[in-house]
**Q** 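Below: one structure in structure tokens.
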Number of protein chains: 2
Amino acid sequence: MAEEEKTIRDGDIDQCDFICVHENVVNQVLKAMPKEQQLMDLADFFKIFGDPTRIRILYVLSQSQMCVCDIANLLQMGQSAISHQLRVLKQMRLVKFKREGKTVFYSLADGHIQTILAQGMEHISE
Amino acid sequence: MAEEEKTIRDGDIDQCDFICVHENVVNQVLKAMPKEQQLMDLADFFKIFGDPTRIRILYVLSQSQMCVCDIANLLQMGQSAISHQLRVLKQMRLVKFKREGKTVFYSLADGHIQTILAQGMEHISE
DNA sequence: TTAATATGTGAATAGCTGTTCATATGTTAA
DNA sequence: TTAACATATGAACAGCTATTCACATATTAA
């Protein structure tokens, strides 16, 4: 009956119908894949660099520690916007900060970040 | 009059009021900043890596060339979704492709990309 | 040619994200 | 204490983006 034919590929209707799959390749690659969570974390990490404001903040901080107001002035943006982004960068451990009186000085968390920025710059210069 | 006082800082109302700026630092950093467009391009480049689906596609392709259907199967996603993302990756020159009959095989554009993935992985493993 | 397979793509939509606004918090000087 | 300054933050909103759906295109076999 038609009923029986239908159930053969049940569940694949909304996805690719997977007729053309090269099983040997797929199975081998499946084994070597990192954990799902790890790839999520990696995407989240790169997402930070995927915004012009954050990239500019990181670049600015790669040259000197700086207070929030300095950054806002340099980038010609509102203090609140900068502060919000600094929070994101802080949460992702890309920047650190120290308070001196009323002023808070931000700086890059470690040299690793400059390496990644440079690597990216190298790639787009082609 | 109050009118005169107001005009002193006219235009800065919606931004930071820039009272606390350390001018010497700001001016020096301003000179060493890359062009605006270059930073935009850099952000656009990293934005590609900032999506779980694209990261997974790149990871999969780092291990073997593969057709669209293989990738969809591996990632358990619709063929259309994969195809859309492959277009983005293609436009950004992160993947290349070759047609063989009905099948289109995708692969990483160059080894540079694996380096960046590895660099990111290294950073989040801490 | 037609049928079947594999991929590409435009439109629509739901969810995410960055900025602004208003306000709160923290710090120093008077 | 109060006033002024520096930064942080929640809510709201506008713009972006990833997926789905429906269909178009491309290739091969019959």
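Note on naming: letters A, B, ... go to the chains in the order of the sequence lines (proteins, then strands), and numbering restarts at 1 for each one.
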**Q** Measuring only between side-chain heavy atoms, which start at C-beta, is E100(B) closer than 4.5 Å to K98(B)?
**A**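 Of all side-chain heavy-atom pairs linking K98(B) with E100(B), at least one is under 4.5 Å.
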
**Q** Take the protein atom CG of L89(A) and the nucleotide atom C1' of dA8(D), then report the distance between them rounded to whole Å.
**A** 15 Å

**Q** Which residues in residues 92-100 of chain B have at least one heavy atom lying under 4.0 Å from any atom of DNA chain C?
**A** none

**Q** In whole angstrom, what separates N73(B)'s CG from dA6(C)'s C1'?
**A** 14 Å

**Q** Are the side chain of R54(A) and the backbone of R56(A) linked by a donor-acceptor contact shorter than 3.5 Å?
**A**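 Checked: no pair found.
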
**Q** Please state how far atom CD1 in I71(B) lies from atom P in dA6(C), giving the value in whole angstrom units.
**A**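 Answer to the nearest Å: 14 Å.
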
**Q** Quick one: Q76(A) CD to dT20(C) P, roughly how many Å, whole number?
**A** 12 Å

**Q** Is the ring centre of H22(B) less than 6.0 Å from the ring centre of F105(A)?
**A** yes

**Q** In whole angstrom, what separates K102(B)'s NZ from dA24(D)'s C1'?
**A**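 Distance check: K102(B) NZ to dA24(D) C1' gives 17 Å.
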
**Q** Apply the test side chain to side chain donor-acceptor pair (under 3.5 Å) to residues N24(B) and Q28(B): give CA-CA distance (whole Å), side-chain angles for both, the deciding distance (0.1 Å), then the verdict.
**A** CA-CA 6 Å; N24(B) 50 335; Q28(B) 200 157 5; over 6 Å; no

**Q** Tell me, which of residues 48-62 of chain B have any heavy atom that sits under 4.0 Å from an atom in DNA chain C?
**A** none

**Q** Check whether any side-chain heavy atom of E122(A) sits under 4.5 Å from a side-chain heavy atom of L117(A), and report yes or no.
**A** no

**Q** Tell me, please, whether F46(A) has K47(B) positioned over its six-membered ring: NZ or CZ under 6.0 Å from the ring centre and within 45 degrees of its axis?
**A**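 So K47(B) doesn't make the cation-pi contact.
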
**Q** Side chains of L58(A) and L108(A): does their closest heavy-atom pair fall under 4.5 Å?
**A**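 The answer is yes; the side chains approach within 4.5 Å.
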
**Q** Show each protein N/O and nucleotides 9-14 of chain D N/O combination with a separation under 3.5 Å, one pair to a line.
**A**
| from | atom 1 | to | atom 2 | distance (Å) |
| --- | --- | --- | --- | --- |
| dT9(D) | O4 | S80(A) | OG | 2.5 |
| dG10(D) | O6 | H84(A) | NE2 | 2.8 |

**Q** Within this structure, what is the CD-to-P distance between Q85(A) and dC16(C), rounded to whole angstrom?
**A** 17 Å

**Q** I'd like to check D44(B) versus M92(B) (side-chain heavy atoms, cut-off strictly below 4.5 Å). Are they in contact?
**A** yes

**Q** For the pair S83(A) (side chain) and S80(A) (backbone), establish whether a donor and an acceptor sit closer than 3.5 Å, ignoring hydrogens and angles.
**A** no

**Q** Over all strands shown, is Y106(B) touching base, sugar-phosphate only, or nothing at heavy-atom distances under 4.0 angstrom?
**A**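 Sugar-phosphate, no base atom in range.
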
**Q** Expressed as a whole number of angstroms, how long is the span from M77(A):CE to dA8(D):P?
**A**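 Rounded to the whole Å, the gap is 15 Å.
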
**Q** Can you check the Q91(B) CD to dT9(C) C1' distance for me, whole Å?
**A**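 From Q91(B) CD to dT9(C) C1': 12 Å.
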
**Q** For residues I113(B) and F49(B), determine if any side-chain heavy atom of one lies less than 4.5 Å from a side-chain heavy atom of the other.
**A** yes

